[in-house]
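If you're wondering where the values come from, they're calculated on a predicted model, not measured in any experiment. Order of the sequence lines sets the chain letters (A, B, ...), proteins ahead of strands, with each chain counted from 1.
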Number of protein chains: 2
Amino acid sequence: MKLTINQIAELAQVSKGTVSKVLNGHRGISDSTRERILKLVKQLDYHPDASARALALQKTGVLGFLIPHEAATSLTGNYWTSMLSGTSQRAAQAGYNLLVLTPPHEGDLQGALNHILKRSTVDGLIIGSELLDRDSLSELVLRKVPFVLLGRNPDFDHFSVDIDSVQGTTLMIRHMAAQGYRKIGALLGPAHYPYSRERLDAYQRTLSEAQLTWTASAHSDYRSDSIRRSLLSLLESHPDMDALFLASGGDFLLDTLRILRERGIELPRFGLGVFDDYPFMELLSPAITAIRQPLFEAGEEAVTLLLQLIQKTLPASRLVTLPTTLVSRESCGEVTRER
Amino acid sequence: MKLTINQIAELAQVSKGTVSKVLNGHRGISDSTRERILKLVKQLDYHPDASARALALQKTGVLGFLIPHEAATSLTGNYWTSMLSGTSQRAAQAGYNLLVLTPPHEGDLQGALNHILKRSTVDGLIIGSELLDRDSLSELVLRKVPFVLLGRNPDFDHFSVDIDSVQGTTLMIRHMAAQGYRKIGALLGPAHYPYSRERLDAYQRTLSEAQLTWTASAHSDYRSDSIRRSLLSLLESHPDMDALFLASGGDFLLDTLRILRERGIELPRFGLGVFDDYPFMELLSPAITAIRQPLFEAGEEAVTLLLQLIQKTLPASRLVTLPTTLVSRESCGEVTRER
DNA sequence: TTGTACGCGTTATCAT
DNA sequence: ATGATAACGCGTACAA
């Protein structure tokens with residue numbers, strides 16, 4: 001049999017209401033009975049049942065992390081897992097449990113969200129925002145569900161944590177220009193993703209600030225064949241390109257390196273800079289210059305923000321923007337000169 | 001106001017008991033009222049409250065994935081996240097939610113486990129078994145908590161999903177021997193981890209099967225300084241070593257490559273084989289020969305097994321062992337000969 | 001075929 | 001300071 005509050009009450013010779021008060025730190029209990037109950041609770045290792053507590057309080061003590069893609073693809077890479085890591089860490093430290101919400105099949109996002117919401121399984125939500133439309137988000141606000149966006153949504157103003165794409169792109173393009181590259185192309189993520197647009201803009205602006213008029217860019221989704229197609233056509237239509245800015249990490253880099261090698265294009269004579277840093281980049285030859293995103297920290301910040309929303313303490317600001325750092329390595333000219 | 005079963009009942013002009021029966025597919029309801037209720041439910045998008053349902057049924061519809069290390073370290077690598085990915089995928093498809101249980105601070109594992117259990121927040125548990133002792137596991141069995149171990153526990157027989165360390169190690173060592181290496185050393189994970197022992201045994205057995213008597217091995221934990229120390233002492237005490245078997249992935253490879261380069265040891269004249277495969281290994285020069293572990297699949301299998309335990313349908317076998325595959329690349333001799 | 005009443009374990013309110 | 005009692009929302013025997 002499972003231990004219940006009734007049994008504790010019986011053993012302590014009090015009513016269950018008294019036990020509840022002690023457990024929740026309410027005042028108006030004599031020290032003697034408080035200690036008697038506390039001792040019993042500790043001794044029997046009693047913990048109030050989560051479901052019953054949730055029902056009574058209308059709070060589950062659970063945070064949901066909604067990842068917009070199915071687990072098989074999203075949780076295999078570095079991006080979402082690093083954010084999840086930070087989220088999990090801080091949630092655990094704050095005494096919350098973390099539910100990983102991953103659509104059962106690619107595209108079932110809305111359904112998964114609705115399912116969770118209507119059953120009120122979670123107290124709040126952290127949402128990978130890239131695929132949720134304006135209407136869904138509006139409904140969340142309307143229904144007063146506390147939530148935080150991970151990655152800003154351009155046409156929906158809400159509490160969110162973002163990594164500074166503009167600052168990162170500027171950092172990288174300036175660096176590439178400073179290294180002497182003059183015809184810097186850009187391979188970007190899907191055109192409808194907000195950060196693709198931001199990075200494209202920043203890329204163009206920074207180039208023109210550096211008095212470089214040469215420009216070439218292409219979009220691609222995350223499938224290898226798409227990356228290959230986009231990059232090949234970019235290379236062919238711009239044979240004079242002398243450097244490439246990869247505006248996304250993960251498979252972008254792997255496929256790009258394969259293609260560059262196939263075509264006999266040598267780094268760092270041809271420059272390469274990537275948005276997203278991994279430890280292994282240091283071991284490639286040449287090592288790859290990259291923008292390091294504070295993904296773990298973004299996850300942490302998102303939880304912090306969300307908890308404030310749940311507790312209705314107004315956060316300091318609606319938007320937390322985290323800066324990136326440049327990790328300068330050989331693929332982008334630096335070492336060439338020394339040699 | 002939140003929609004409740006009472007409101008549905010009222011609107012449908014029936015008692016809530018009837019609504020409940022319809023919702024749960026019980027029979028003994030006339031088609032007309034069933035359809036009337038169903039229509040209403042669909043129309044208003046009603047979903048029964050999760051907490052209330054959990055309280056009544058004594059089932060939460062939630063599975064827990066207990067990772068033995070704090071999120072900051074464990075969820076940053078590839079190992080746990082890949083398993084988590086498979087777990088999340090299959091859980092979602094089976095209609096379960098997945099709770100990521102990660103100790104708030106390194107070492108708080110027992111506390112976290114107890115917390116979850118006593119409150120009965122989950123219907124079942126998938127446990128990264130390496131750090132849980134026999135007593136804790138026994139208690140789980142005693143309390144009839146359905147759980148599955150990810151990674152077999154040598155001194156505790158229970159339902160578990162494991163990746164075949166012995167088969168993988170044998171595969172690799174045979175390959176290295178076939179490539180002509182004669183003095184193959186081994187750098188293993190922490191000595192108290194079960195799979196370290198398994199891999200060490202398999203390493204020695206395979207060598208002796210191949211009539212190779214030369215042997216050298218060292219253990220290390222996952223911190224860079226420890227890896228460095230172990231490897232350096234291994235190299236120094238065995239200057240004639242001509243190949244190395246890295247029995248763990250992740251940072252092991254990164255640190256090892258750094259050290260080998262520092263010391264001017266060239267691959268593949270010196271052979272290198274790693275237990276754990278990553279896409280980027282293909283891009284290193286030379287590319288790294290590796291054992292590929294079916295981590296995602298292990299996560300999936302664990303859920304499948306767990307669901308059977310929860311439904312009390314006896315699984316076919318207590319132990320699911322998944323085979324590895326060898327990914328042969330340049331770091332281990334293959335290409336040398338061709339050149 | 002449908003409705004009633006109670007239990008699930010906890011918390012909160014209102015008496016005492 | 002403590003104790004009854006009524007929610008919380010749902011499932012389910014059992015009665016009608």
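- As rounded to whole Å, 18 Å separates atom P of C:dG7 from atom CD1 of A:Ile5.
- The two residues B:Ile310 and B:Leu63 have their closest heavy-atom pair at CD1-CD1, 3.8 Å.
- When the nucleotides D:dC10, D:dT2, D:dC8 are ranked by their closest atom to the side chain of A:Ile29, D:dT2 comes out on top.
- Within 4.0 Å of B:Val14, counting heavy atoms only, lie sugar-phosphate atoms of the nucleic acid but no base atom.
- Rounded to whole angstrom, the span from the CG atom of B:Leu23 across to the P atom of D:dG11 amounts to 7 Å.
- Nearer the 5' end of DNA chain C, as judged by each residue's closest nucleotide, is the contact made by B:Thr33, out of B:Thr33 and B:Ala56.
- Residue B:Lys59 places no side-chain atom within donor-acceptor reach of the base of D:dG11, judged by atom type and a 3.5 Å distance cut-off alone.
- In this structure, the NZ atom of A:Lys2 is 18 Å from the P atom of C:dG7, given to the nearest Å.
- Computed from coordinates, the A:Leu3 CG to C:dT10 C1' distance equals 14 Å when rounded to whole Å.
- Nucleotide D:dG3 holds its P atom 13 Å from the NZ atom of A:Lys16, rounded to whole Å.
- Closest approach to the A:Lys21 side chain among C:dT11, D:dG9, D:dG3 is made by D:dG3 (side chain taken as heavy atoms from C-beta onward).
- Close to D:dC10, at under 4.0 Å from its OP1 or OP2, lies a side-chain N or O of B:Tyr46.
- Mapping A:Asn24 and B:Arg36 onto DNA chain C by nearest heavy atom places B:Arg36 at the nucleotide closer to the 5' end.
- Here the C1' atom of nucleotide D:dG9 and the NZ atom of A:Lys118 are 17 Å apart, to the nearest Å.
- Within the nucleic acid shown, A:Ser30 comes within 4.0 Å of sugar-phosphate atoms alone, with no base atom in reach, counting heavy atoms only.
- If you check D:dC8, C:dT10, C:dT4 against the side chain of A:Gln58, the one that comes closest is D:dC8.
- A salt bridge links B:Glu139 to B:Arg143: one of the charged nitrogens lies within less than 4.0 Å of a carboxylate oxygen.
- Between B:Thr18 and the phosphate of C:dG3, there is a side-chain N or O to OP1/OP2 separation shorter than 4.0 Å.
- Residue-level contact check: B:Leu57 touches the backbone only, with heavy atoms under 4.0 Å from sugar-phosphate atoms and none from bases.
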Side chain to side chain contact (heavy atoms under 4.5 Å, CB included), that's the test. Do B:Thr121 and B:Thr60 meet it? Break it down for me.
CA-CA 7 Å; B:Thr121 352; B:Thr60 61; 5.7 Å; no
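- For A:Arg53, counting side-chain heavy atoms from C-beta on, the closest listed nucleotide (C:dC8, C:dT10, D:dG11) is C:dT10.
- For B:Asp123 against B:Gly61, the heavy-atom pair with the smallest separation is OD2-N, 2.7 Å.
- One can place CG of B:Leu55 at 10 Å from C1' of D:dG11, the figure rounded to the nearest angstrom.
- Rounded to whole angstrom, the span from the NE2 atom of B:His47 across to the P atom of D:dC10 amounts to 12 Å.
- The closest side-chain donor-acceptor pair between A:Asp49 and B:Ser120 falls under 3.5 angstrom.
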